[in-house]
Amino acid sequence: MKLSYPSGSSAARHKTVYHTFRGVDLSTDPALVDTTRSPDAPNLISDTGGYPEKRLGWKTLVQQVGRQSVNGLYRLVSASGEARVAHIGTTLYRWGDTELSVLREGVADQRSSAFECAGKLWILTGGEYLVYDGETIKAAAEDAYAPITSISNPPAGGGVAFEAANLLTNKRRNLFTADGTAKTYQLDFAPITAVLAVTQDGTAVTSGYSVDLTKGTVTFSTAPSKPAITGEDNIEILFSVGTEGYSEAINGCRFAGMFGFGGDTGERVFFSGNPKYPNVDWRCEVHSPDYQVDPSYIPDTSFAYIGSDANAIMGYRRVGDKQAIIKAANDADATIFFRSAGLDAEGEAIFSLAQGVAGAGAVSPWSIANLGDESLFLSANGIFGIASQTYTSQYCLQNRSYFVDAKLTKEGNLAEAVAVEWDGRYLLAVNGRCYVLDGKQNKSYKPQSLGDYIYECGYWTNIPARCWLEVDGALYFGTADGRICKFRTDEDGMSRFADDDMPIAASWATKADDDGDFALLKSIPMRGSAVMVKPYTQSSAKITIRTERDFGKEIRTTETGRFDFSEINFDNFTFSTSDSPEVVMINRKIKRYKTCQIIVANDAIHEGFGVYGIIKRFTTGHYAR
């Protein structure tokens with residue numbers, strides 16, 4: 001709020017009030033931002049009333065001795081309880097808060113991903129596809145489903161095709177109806193590598209037959225008898241074939257997305273991220289006899305080509321009743337495709353594809369996350385959301401991070417950026433910094449964002465996250481030097497305001513304000529200007545004033561703590577017990593400035609900090625020369 005200057009009264013006092021704070025605005029010069037935003041406010045987040053306060057700190061729980069990178073943190077909740085897995089370097093660990101125990105060694109040392117399905121955790125490393133049941137971990141191929149590729153076969157073959165071959169295993173099954181006279185049974189594939197099992201009427205047959213691998217036949221010494229029920233299949237032959245390269249298609253995938261039309265049988269898992277097949281994905285299927293979704297059954301017919309191979313698939317998000325397939329940027333191809341789920345005339349699931357949106361593409365598969373019901377991803381031009389247009393019901397891409405794009409888009413290694421949704425916010429970590437889209441504050445509307453709205457933003461330092469894990473409101477992250485860390489959500493005292501044993505440097509800076517007239521000299525008198533700060537049991541505030549003539553002068557440091565026996569610090573001791581906001585008077589003259597910026601900061605360990613408002617009183621003088 002700015003008051004106009006009374007004509008002919010240069011000595012009259014005026015005031016500028018800074019309140020109703022929102023977030024940072026790094027999009028323009030500090031002199032041009034709105035008074036509700038800050039051109040520099042590191043390590044602050046909005047409280048429940050929308051006012052800026054210091055973010056929570058974090059602590060290291062455990063560090064792997066070799067200091068290898070943490071490639072992924074995962075959680076499985078099953079009937080036997082909760083189990084957590086950490087992928088560090090070339091090893092998978094089961095981890096508690098302070099300990100690691102080896103589950104599997106020799107896995108790919110690169111970022112991985114995982115999903116829960118069928119009561120198990122399925123892990124994609126880009127080199128392996130693994131499954132963990134809470135006790136043991138193994139290759140998903142070890143117990144992969146052997147499909148029944150044909151049924152109702154007469155001994156000579158030529159039955160009914162039933163299930164497609166499984167990419168994860170070279171095993172297949174054929175079902176035959178014995179006629180009581182034929183001894184030779186022709187499999188539906190030749191040549192084969194082995195016959196693994198034969199059953200007749202549900203009983204294993206371990207001898208009395210020979211195998212021709214080249215022809216793919218099984219010859220019994222005595223002809224199997226007819227089934228008890230006419231037309232029923234009573235012979236099952238399990239065999240293996242040469243399928244070199246099949247499993248590598250899935251083992252090379254690095255991420256997956258679930259989509260379908262609901263229920264235990266409606267959902268499918270879609271796999272992609274194999275650099276050999278950048279625009280291809282595969283899906284798992286249901287199978288007999290229970291017809292439940294099985295992530296270890298991936299039919300060799302389930303692949304789909306998604307647009308051009310010049311831009312790779314980067315990830316998936318569910319958008320309404322569709323699956324958004326997000327690709328890398330490419331000028332000649334769409335960057336978003338949509339998959340729909342339905343049923344054909346025979347009641348079988350079908351998944352149709354449609355070209356969606358051309359424009360921004362994802363630069364990191366790890367940046368794809370939701371904020372509420374909106375799907376977000378990082379592009380070279382900022383963080384974009386997949387939005388539905390109200391009147392056309394079509395989808396479009398809209399920028400959501402306008403206020404931090406000027407800094408975010410200049411970061412190096414954007415392909416390594418990793419995101420998570422936590423406490424109503426989208427957190428994007430890259431190069432030890434974290435960019436925050438705040439879904440708890442009212443959205444803003446700005447035509448430069450190329451969309452209907454943008455989020456208020458924050459900016460945090462000293463967040464060395466390489467991967468995230470959110471568990472019931474608690475937030476964990478892994479680092480490039482082998483640490484597993486946790487934000488201090490479980491702490492109530494002032495200890496929560498520290499990153500390990502280091503202070504969190506937080507501040508709120510006003511705009512470089514010319515008070516409505518950049519050609520007029522202004523002065524701040526000794527009395528009348530103040531800062532209102534949030535009360536904590538331990539807190540302090542440093543007030544700095546910066547004008548166009550200098551880089552800032554610290555003019556006031558004040559202790560603003562509240563008396564609490566549980567938080568006594570005799571270096572910052574006060575008998576004040578009020579929980580009201582603290583008003584800190586500036587009490588310093590500042591003469592003849594064109595622009596003035598007030599910075600309120602706290603860089604002390606184990607101290608809270610927050611700002612409710614700033615009032616600057618000033619008088620006007622002569623025109624600047």
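- Applying the salt bridge (Lys or Arg N to Asp or Glu O under 4.0 Å) test to pairs two or more places apart or on separate chains, those with a residue in residues 64-82 are Arg75-Glu82, Arg75-Asp472, Glu82-Arg84.
- Side-chain contact, Glu607 with Ser540: a donor N or O sits under 3.5 Å from an acceptor N or O.
- The salt bridge (Lys or Arg N to Asp or Glu O under 4.0 Å) contacts involving residues 423-434 comprise Glu411-Arg433, Asp423-Arg425, Asp423-Lys440, Arg425-Asp438, where partners must be two or more places apart or lie in separate chains.
- Looking at Trp58, Trp468, Trp95 one by one, the single match for ring-ring contact (aromatic ring centres under 6.0 Å, His included) with Tyr476 turns out to be Trp95.
- Under a 4.0 Å N-O distance rule, the pair Glu491/Lys59 qualifies as a salt bridge.
- Heavy-atom contacts from other residues, nucleotides or ligands closer than 6.0 Å to CG of Asp501 number 12 or fewer.
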**Request:** Show your working on side-chain contact (heavy atoms from CB on, under 4.5 Å) between Ile484 and Asp97 and close with a plain yes or no.
**Result:** CA-CA 9 Å; Ile484 299 175; Asp97 279 351; over 6 Å; no

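- Here the straight-line distance linking atom SG of Cys485 with atom CG of Leu469 works out to 12.5 Å at 0.5 Å rounding.
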Residues 122-132, side-chain donor-acceptor partners within the protein, below 3.5 Å, at least two apart:
{"residue": "Trp122", "atom": "NE1", "partner": "Cys117", "partner atom": "O", "Å": "2.9"}
{"residue": "Thr125", "atom": "OG1", "partner": "Gly127", "partner atom": "N", "Å": "3.1"}
{"residue": "Thr125", "atom": "OG1", "partner": "Glu128", "partner atom": "N", "Å": "2.8"}
{"residue": "Thr125", "atom": "OG1", "partner": "Glu128", "partner atom": "O", "Å": "3.4"}
{"residue": "Thr125", "atom": "OG1", "partner": "Glu128", "partner atom": "OE1", "Å": "2.4"}
{"residue": "Glu128", "atom": "OE1", "partner": "Ala108", "partner atom": "N", "Å": "3.2"}
{"residue": "Glu128", "atom": "OE2", "partner": "Ala108", "partner atom": "N", "Å": "3.4"}
{"residue": "Tyr129", "atom": "OH", "partner": "Pro295", "partner atom": "O", "Å": "2.8"}
{"residue": "Tyr132", "atom": "OH", "partner": "Arg94", "partner atom": "NH1", "Å": "3.3"}
{"residue": "Tyr132", "atom": "OH", "partner": "Gly134", "partner atom": "O", "Å": "3.1"}

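- Distance check: Phe337 CZ to Leu353 CG gives 8.5 Å after rounding to the nearest 0.5 Å.
- Using a cutoff of 4.0 Å between basic side-chain nitrogens and carboxylate oxygens, Arg318 and Glu267 are scored as salt-bridged.
- Between the side chains of Asn170 and Thr243, no donor-acceptor pair of N or O atoms lies under 3.5 Å.
- With respect to Arg55 and Asp499, a salt bridge is recorded, a charged nitrogen being found less than 4.0 Å from a carboxylate O.
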**Request:** Would you check, one step at a time, whether the test side chain to side chain donor-acceptor pair (under 3.5 Å) holds for Thr90 with Glu105?
**Result:** CA-CA 6 Å; Thr90 59; Glu105 297 180 295; over 6 Å; no

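- Among residues two or more places apart in sequence or in another chain, the side chain to side chain contact (heavy atoms under 4.5 Å, CB included) test is passed with Asn442 by none.
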**Request:** Could you give me the CA-CA distance, side-chain angles and deciding distance for Tyr455 and Leu371, then say whether side-chain contact (heavy atoms from CB on, under 4.5 Å) is met?
**Result:** CA-CA 10 Å; Tyr455 292 102; Leu371 180 51; 3.6 Å; yes

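- Asn71 and Ser69 share no side-chain donor-acceptor pair at under 3.5 Å.
- Note that CG of Leu73 and CD of Glu470 are 13.0 Å apart. Values are rounded to the nearest 0.5 Å.
- No side-chain donor from either of Ser379 and Asn381 sits under 3.5 Å from a side-chain acceptor of the other.
- Applying the salt bridge (charged side-chain N to carboxylate O under 4.0 Å, His left out) test to Arg496 and every residue at least two apart in sequence or in another chain returns nothing.
- With hydrogens and angles disregarded, a donor-acceptor distance shorter than 3.5 Å links the side chain of Trp460 to the backbone of Leu44.
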**Request:** Test Asp47 against Lys534 for salt bridge (charged side-chain N to carboxylate O under 4.0 Å, His left out), laying out the working first.
**Result:** CA-CA 10 Å; Asp47 64 11; Lys534 189 171 183 175; 3.2 Å; yes

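- Within the 6.0 Å centre-distance limit, the rings of Phe477 and Phe487 are counted as a close aromatic pair.
- No side-chain donor-acceptor contact under 3.5 Å links Arg488 to the backbone of Leu56.
- Ring pair Trp508/Phe609: centre-to-centre distance not below 6.0 Å.
- For the residue pair Ser112 / His87, a side-chain donor-acceptor distance below 3.5 Å is found, with atom types taken as modelled.
- The backbone N or O of Ser364 lies less than 3.5 Å from a partner atom in the side chain of Ser367, making a donor-acceptor pair.
- Asp143 and Ser296 form no side-chain donor-acceptor contact under 3.5 Å, judged by distance and modelled atom types alone.
- When atom types are taken as modelled, the side chain of Tyr93 and the backbone of Leu103 share no donor-acceptor pair closer than 3.5 angstrom.
- Side-chain N/O atoms of Glu285 and Tyr291 include no donor and acceptor closer than 3.5 Å.
- Asn370 and Arg317 form a side-chain donor-acceptor contact under 3.5 Å, judged by distance and modelled atom types alone.
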**Prompt:** Checking salt bridge (charged side-chain N to carboxylate O under 4.0 Å, His left out) for the pair Arg339/Asp281: CA distance, chi angles, key distance, verdict?
**Reply:** CA-CA 12 Å; Arg339 176 177 276 126; Asp281 69 3; 2.9 Å; yes

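- Of the possible donor and acceptor atoms, none in the side chain of Ser272 sits under 3.5 Å from a partner among the backbone N and O of Ile313.
- Ring centroids of Phe261 and Phe259 are separated by 6.0 Å or more, keeping the two rings apart.
- Side chain of Ser247 to backbone of Leu167: no donor-acceptor contact under 3.5 angstrom is found.
- Between the OG atom of Ser375 and the CD1 atom of Ile368 there is a distance of 9.0 Å, given to the nearest 0.5 Å.
- With hydrogens and angles ignored, the 3.5 Å screen pairs no side-chain donor or acceptor of Asp603 with any backbone N or O of Ala505.
- Of the inter-residue distances, the one linking Leu427 atom CG with Ile463 atom CD1 reads 8.0 Å to the nearest 0.5 angstrom.
- A side-chain donor from one of Lys54 and Asn602 sits under 3.5 Å from a side-chain acceptor of the other.
- Asn431 contributes a side-chain N or O that, together with a main-chain N or O of Gly412, makes up a donor-acceptor pair within less than 3.5 Å.
- Surrounding NZ of Lys486 are more than 12 heavy atoms belonging to other residues, nucleotides or ligands, all under 6.0 Å away.
- Distance alone, capped at 3.5 Å, places no donor-acceptor pair between the Asn413 side chain and the Glu416 backbone.
- The residues Asp405 and Arg400 are annotated as not salt-bridged, no charged nitrogen and carboxylate oxygen being separated by less than 4.0 angstrom.
- No close placement of the Trp366 and Phe377 rings is indicated, their centers lying 6.0 Å or farther apart.
- Rounded to the nearest 0.5 Å, atoms CG (Leu428) and OH (Tyr435) are 8.5 Å apart.
- Heavy-atom minimum distance, Gly382 versus Asn399: CA-ND2, 4.2 Å.
- In this model, a donor atom of one side chain and an acceptor atom of the other lie less than 3.5 Å apart for Tyr145 and Glu163.
- The stretch residues 299-308 participates, sequence neighbours left out, in these side chain to side chain donor-acceptor pair (under 3.5 Å) pairs: Tyr246-Asp300.
- Of the possible donor and acceptor atoms, none in the side chain of Arg37 sits under 3.5 Å from a partner among the backbone N and O of Glu456.
- Side-chain contact annotation: Asp40 with Tyr459, donor-acceptor N/O pair under 3.5 Å absent.
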